[in-house]
Protein chains: 2
Amino acid sequence: MDISPSVQSFVFHFGEMGSRWGFNRTVGQMYALLVVTERPLSANELAETLNISRGNVSMGMKELQSWRLVQVSHIPGDRKEYYRVTGSIWDMANTIFEERKKREVDPTLSLLRDNLLEEPKDQEEAFALEKMQEIHDLLEMLTQWSGELQRLSPEKLSTLMKLGAGVSKMLSMKDQLFAKNNQPNSDS
Amino acid sequence: MDISPSVQSFVFHFGEMGSRWGFNRTVGQMYALLVVTERPLSANELAETLNISRGNVSMGMKELQSWRLVQVSHIPGDRKEYYRVTGSIWDMANTIFEERKKREVDPTLSLLRDNLLEEPKDQEEAFALEKMQEIHDLLEMLTQWSGELQRLSPEKLSTLMKLGAGVSKMLSMKDQLFAKNNQPNSDS
DNA sequence: TAGATGTTTCAGAAATTTCTGAAAGTTTAA
DNA sequence: TTAAACTTTCAGAAATTTCTGAAACATCTA
């Protein structure tokens, strides 16, 4: 398959960046190509277009499926498997965040929690545990926060974004509002 | 230097995770050790404690300094250089986000912007450009948003976090507030 | 059942990244 | 100026990751 120069630069760039997001160069390229291509592509098309081996494509698709970023689809009367991305760009970002959280943050939280059960034996250990506690709390905050964002629809999110420098403002609004009611808490 | 088992597990874990955050195993270990150690450590102490070469420590400190995560400090009457982390855990998270943005997101945005200047030649290219536009917009949103968060004090952030499932609720409040385009209204 | 058309697997080759340690460089002090 | 105490550099060794391609496997059809 031929690709235009801008698609090519996009694909190469995401190959390089891909490693930062948890997959290797060729997997990043395969994903990028699928993102910007409307119709599903066969493994052979991917291999030829990107100049990589058929086996590599097979492994890459397996990995992207394990990330829930790619699905298989079939064309009636054709035995080949065709691949396409799952969902929108927003879904893509959500999925990547979620998977990375599962793979990176969750194990870290679990290790920190285990360590925090110990009693410090001396001043040095107490300091270390204090720092671990801080990291733990920070990660929990981020986790909770990102969960919130994920549950928002893209439309709502966009509204939120457009508030621009307003997050801080929103906070004081919230204070104002709840000052007059009596529940500062919005648990459900 | 001797380290307790929990510190050891912390250090090893951050060594493994470190690569996800943009630095390699030993750099991750060095940083983790500095985070949980109150007093500054010399290069030799780092090398001995982590069983790595002196040269590696030198390179690692250089890298962590380029990330603005570590600073050099001196002890009067001692010619050695001692290293310690800069700022709080919150500062650490901010710095890492900021640096990663600079290294990963900014170049991507710039590439996307360049590509988006092109006129699509056919339907396929139009689709590709559309997707690139969506990614561009998403990244801009995230960039703006994270800028907001960074400007918040940890205290305010904590308030925001405690809103818990309230972000969505807050949004509708905001709609209510601005619907009439006048001052806040105390009904809920 | 054989053969055609596809996919997956995985040993080891290739590429890349990381690490070591010796040599070179720097700074201080006598 | 020399020496001592320290740091940095970098060639190439070691470790790790990625990729290939041939063989094994799967499925369908005649």
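So you know, we letter chains A, B, ... as the sequences are listed, proteins then strands, and number each from 1.
OP1 or OP2 of C/dC19 sits under 4.0 Å from a side-chain N or O of B/Thr26. Look at B/Asn44 and you won't find any side-chain N or O under 4.0 angstrom from OP1 or OP2 of D/dC6. Phosphate contact (OP1/OP2 of D/dT18, side-chain N/O of A/Arg25, threshold under 4.0 Å): absent. Under 4.0 angstrom from either OP1 or OP2 of C/dT8 there lies no side-chain N or O belonging to A/Arg54.
Residue B/Phe97 qualifies as open at atom CZ: its count of foreign heavy atoms under 6.0 Å is 12 or below.
For the pair B/Ile75 CD1 and C/dT28 C1', the interatomic distance rounds to 18 Å; values are reported in whole Å. Atom P of nucleotide D/dT18 and atom NZ of A/Lys62 are separated by 15 Å, given to the nearest angstrom. Straight-line distance from the NE2 atom of A/His74 to the C1' atom of D/dT27: 12 Å, rounded to whole Å. In this structure, NZ of B/Lys80 is placed 15 Å from C1' of C/dT27, rounded to the nearest angstrom. Rounded to whole Å, atom P of D/dT16 lies 10 Å from atom CD of B/Glu16. The distance from atom CG of A/Leu64 to atom P of D/dT18 is 13 Å, rounded to the nearest whole Å. As rounded to whole Å, 14 Å separates atom P of C/dT9 from atom CD of A/Glu63. Rounded to a whole Å, the CG atom of A/Asp78 is 12 Å from the P atom of D/dT29.
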Scan the side chains in residues 55-62 of chain B for donor-acceptor partners under 3.5 Å anywhere in the protein, sequence neighbours excluded, and list what turns up.
{"residue": "B/Asn56", "atom": "ND2", "partner": "B/Thr26", "partner atom": "OG1", "Å": "3.4"}

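Base engagement by A/Asn56 is indicated by at least one non-hydrogen atom pair under 4.0 Å involving a base atom.
Among C/dC19, D/dT18, D/dT20, the nucleotide with an atom closest to any side-chain atom of A/Asn24 is D/dT18.
Here the CG-CD distance, from A/Leu46 to A/Gln29, works out to 11.0 Å after rounding to the nearest 0.5 Å.
Residues A/Leu116 and A/Leu129 are in side-chain contact: their nearest non-hydrogen atoms beyond the backbone lie under 4.5 Å apart.
The base of C/dT27 sits with one of its N or O atoms less than 3.5 Å from a complementary donor or acceptor on the side chain of B/Arg79.
Between B/Phe23 and B/Trp67, the gap from one ring centroid to the other is short of 6.0 Å.
Nearer to the 5' terminus of DNA chain D, by closest-nucleotide assignment, is the contact made by B/Glu81 (compared with the other of A/Ser53 and B/Glu81).
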